K.L.:
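Pasting a structure here, questions to come.
Below, chains carry the letters A, B, ... as their sequence lines are ordered, and counting in each starts from 1. Keep in mind that this is a model prediction, so the values were computed, not measured.
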Amino acid sequence: MNKDLYIYNSLTSQKELFKETSANEVSIYVCGPTVYSSSHMGHARSAIVFDTIVRFLKFIGFKTNYVRNFTDIDDKIINRGIEEGVRPEDIAEKYKTEYIEDMESLGCLQPDFQPSVSENIPEIISLIEDIIKKGFAYEKNGDVYFNVQKFNGYGKLSKQSIDSILVNTRLEINPNKNFGLDFALWKTAKENEPYWSSPWGKGRPGWHIECSAMSRKYLGENFDIHGGGRDLIFPHHENEIAQSECVSDKKFANYWMHNGLININKEKMSKSIGNIINIREGLKLWNKNIIRTLFLTHHYRTPVDFSSKKLEEIEKTLLNTKKRVPTNESLSTKFKELWVSAMLDDFNTAKAFGYYFKFINDGSLSPETDSEVSEFEETMGISGWRDENIQSKKDTIVDEVRIKQIIFERDRARKDKNWIKADELRYEAEELGVKLLDKEGKTTWEPC
RNA sequence: GGCGGUGUAGCCAAGCGGUAAGGCGAUGGUCUGCAAAACCAUUAUACCCCGGUUCGAAUCCGGGCACCGCCUCCA
């Protein structure tokens, strides 16, 4: 079987043959959440995509060093704390715990490391000192800023020149900055804000520097894969590159992977529009296998429309697949070969799922005698789903006593071959929101 | 405006130079009093438009049109 793995690299805008820096190991850093509110479907997609990628890398024999951070020091957390009259660290702790629980509910394996900014302040300060020493940053009134113009490759990830960014960016007016695009590595604490002591006074890290510091700490100055949502390309990842490479003089991440974003009913999901779907709310309605399958039947780089119509379709697909658990003895050795080769081509889960459905619906797989199906399901993180009740929960309130009465009456009518009466009773049940099912001489019902 | 991306059946979605995966839906059939379920079968000479390269293009190149994202906090 061909073992070459190709990855689309956002930095070069093309698929490249993957070559690990350390034999048979993959180091991967994925940007995690800023913990100031409940995590949403966007976090879910990113986590599921990279969870599946890591599972697959393991499956083909790599050892993985997978790091996903928590940004637990941030203006938004502080603001939230002020709003709620709670200490910022309590806000962060609450949503960190929630996030970990949510990821587990979604069937995502824990990363090898889940560091937080608050635990890495010394590393951050030391990195900022290195940047200043190299002449790429300057201190002004207790703030430290990165000198964007000094860094040669600035804009290489987002494919923009400093000039074009300058023209097209709304810049905050900040007298401490030498240049509009310079960004903060360290910010002076205002009154009542949490702070850490530093060579530049009491303050806290800026956004971006934490990922440079933590990836350096856990994976080294040069590592294999850096991932995150598309929306992080600029400025977050662009700034990470600048901060890291100016110090190390090495390439930061070899491969940049960016997952596509979520739309809700064809509209962009965003904080400003306010159409965020929380993971917890989603999981009340949709089983994790349905959510995973929705995401994984799309290529990770394309947008996904998250709608109940779509989810219902996936539910039906999965239900059908579940019913068609193959029992025959035919062996289709091609299945594994095909889905693995799809995955080797830039983690094409959508194509892999196509083979999965095809082979199961053909009845040409037999999980009892062959581990191929479970191998696939394990890699996609939907293992064991056949044992679970994947049906969505419809909270229809029904009058069970009345339904039983209808069933009884209809049963009698059917024995009398009074089909007109029987049908009338069926319609009556439907009006009560219930569908009657005649199975093996017995009548059952389900909400419709 | 700058940069990036997308346009494939009713809907969703793979495909990335060799003659259109898969899912949902729909239609016909078997079965059932009727339904439902299940099973069988059918369901794009065709990939936004116009040119070009090629023996061959949904796939590459040029030019349009439409939609989306980033450029502001966001996964």
Side-chain angles (χ1 to χ4, degrees), chain A residues 8 10 13-15 30-34 36-37 39-50 68 71 74-76 79 155 157-161 163-172 207 227-236 238 258-263 266-273 276 293-294 297-299 301-305 307 309-310 312-321 323-324 338 342 345-346 348-361 363 413-414 417-420 422-423 426-427 429-430 435-440 443-446 448:
Chain A
Y8 181 88
S10 307
S13 306
Q14 58 188 21
K15 270 187 213 169
V30 177
C31 287
T34 300
Y36 72 103
S37 63
S39 45
H40 57 248
M41 283 304 159
H43 297 114
R45 159 117 105 146
S46 176
I48 288 167
V49 162
F50 287 103
R68 185 179 57 212
T71 299
D74 181 88
D75 291 357
K76 293 187 292 294
N79 293 338
L157 182 66
S158 56
K159 276 97 189 161
Q160 286 178 291
S161 66
D163 288 345
S164 70
I165 301 169
L166 198 57
V167 170
N168 298 308
T169 304
R170 286 180 233 171
L171 300 170
E172 48 160 339
W207 183 43
R230 270 191 98 82
D231 53 341
L232 294 177
I233 291 175
F234 189 86
H236 186 55
E238 195 70 75
H258 292 100
N259 63 271
L261 308 182
I262 304 279
N263 291 135
K266 315 224 164 166
E267 188 178 38
K268 178 193 168 182
M269 181 180 89
S270 79
K271 309 235 151 128
S272 45
I273 295 173
I276 306 282
T293 305
L294 171 68
T297 48
H298 293 70
H299 187 93
R301 277 189 277 118
T302 67
V304 169
D305 191 45
S307 65
K309 178 177 177 279
K310 216 37 228 174
E312 273 163 30
E313 277 182 28
I314 300 285
E315 182 186 0
K316 278 180 197 153
T317 306
L318 247 25
L319 239 26
N320 287 341
T321 310
K323 282 172 193 155
R324 281 181 219 176
L338 288 169
D345 183 13
D346 196 29
N348 196 333
T349 54
K351 196 174 185 182
F353 262 90
Y355 293 127
Y356 173 68
F357 293 134
K358 182 185 169 65
F359 278 94
I360 287 193
N361 292 339
R414 292 176 73 210
K417 296 199 191 295
N418 186 349
W419 310 127
I420 293 163
D423 286 346
R426 173 184 286 289
Y427 298 140
E430 273 167 20
K435 186 187 279 175
L436 299 182
L437 305 169
D438 302 325
K439 241 184 285 179
E440 290 156 15
T443 302
T444 56
W445 60 271
E446 64 179 30
C448 62

K.L.:
Using a cut-off of 4.0 Å on non-hydrogen atoms, how would the nucleic acid contact of A:G354 be classed: base, sugar-phosphate, or nothing?
P.N.:
base

K.L.:
For the residue pair A:F357 and A:T321, establish whether any side-chain heavy-atom pair is separated by less than 4.5 Å.
P.N.:
yes

K.L.:
Classify the nucleic acid contact of A:D438 as base, sugar-phosphate or nothing, counting any heavy atom under 4.0 Å across all strands shown.
P.N.:
base

K.L.:
Taking the P atom in each of B:U19 and B:U59, what is the distance between them to the nearest angstrom?
P.N.:
15 Å

K.L.:
Using a 4.0 Å heavy-atom cut-off, does A:L437 contact any base of the nucleic acid, only the sugar-phosphate backbone, or nothing at all?
P.N.:
base

K.L.:
Please state the C1' separation for the pair B:A35 and B:A44 - nearest whole angstrom.
P.N.:
33 Å

K.L.:
What nucleotide, of B:C12, B:A75, B:A35, holds the atom closest to the side chain of A:I262?
P.N.:
B:A75

K.L.:
With the side chain of A:K159 defined as its heavy atoms from C-beta on, choose the nearest nucleotide among B:C34, B:A14, B:G4.
P.N.:
B:G4

K.L.:
State which residues pass side-chain hydrogen bond (donor to acceptor under 3.5 Å, both in side chains) with A:H258; sequence neighbours excluded, sorted by chain then number.
P.N.:
A:S10, A:H237

K.L.:
Roughly how far apart, to the nearest Å, are B:C67 and B:C74 at atom C1'?
P.N.:
22 Å

K.L.:
Report which part of the nucleic acid A:K309 touches: base, sugar-phosphate, or nothing (heavy-atom distance under 4.0 Å, all strands).
P.N.:
sugar-phosphate

K.L.:
Give me the distances for all protein-to-nucleotides 39-41 of chain B N/O pairs that come in under 3.5 Å?
P.N.:
{"unit_1": "B:C39", "atom_1": "OP1", "unit_2": "A:R324", "atom_2": "NE", "d": "3.1"}

K.L.:
Just wondering, do A:F357 and B:G22 stack (centres under 5.5 Å, planes under 30°)?
P.N.:
no

K.L.:
Mind checking ring-ring contact (aromatic ring centres under 6.0 Å, His included) for A:W445 and listing every partner two or more places apart, or none if nothing turns up?
P.N.:
none

K.L.:
Measuring from the side chain of A:N259 (C-beta onward, heavy atoms only), which nucleotide among B:G15, B:G33, B:A75 has the closest atom?
P.N.:
B:A75

K.L.:
Check every strand shown and say whether A:R301 touches a base, only sugar-phosphate, or nothing at a heavy-atom separation below 4.0 Å.
P.N.:
nothing

K.L.:
For A:L232, which contact category applies under a 4.0 Å heavy-atom criterion: base, sugar-phosphate, or nothing?
P.N.:
sugar-phosphate

K.L.:
Any N or O donor-acceptor pair under 3.5 Å from the base of B:A75 to the side chain of A:R45?
P.N.:
no

K.L.:
Using atom C1' of each nucleotide, how far apart are B:U8 and B:A14 to the nearest Å?
P.N.:
10 Å

K.L.:
Give a yes or no on whether a donor-acceptor pair under 3.5 Å exists between the nucleobase atoms of B:C73, that is its base, and the side chain of A:D74.
P.N.:
no

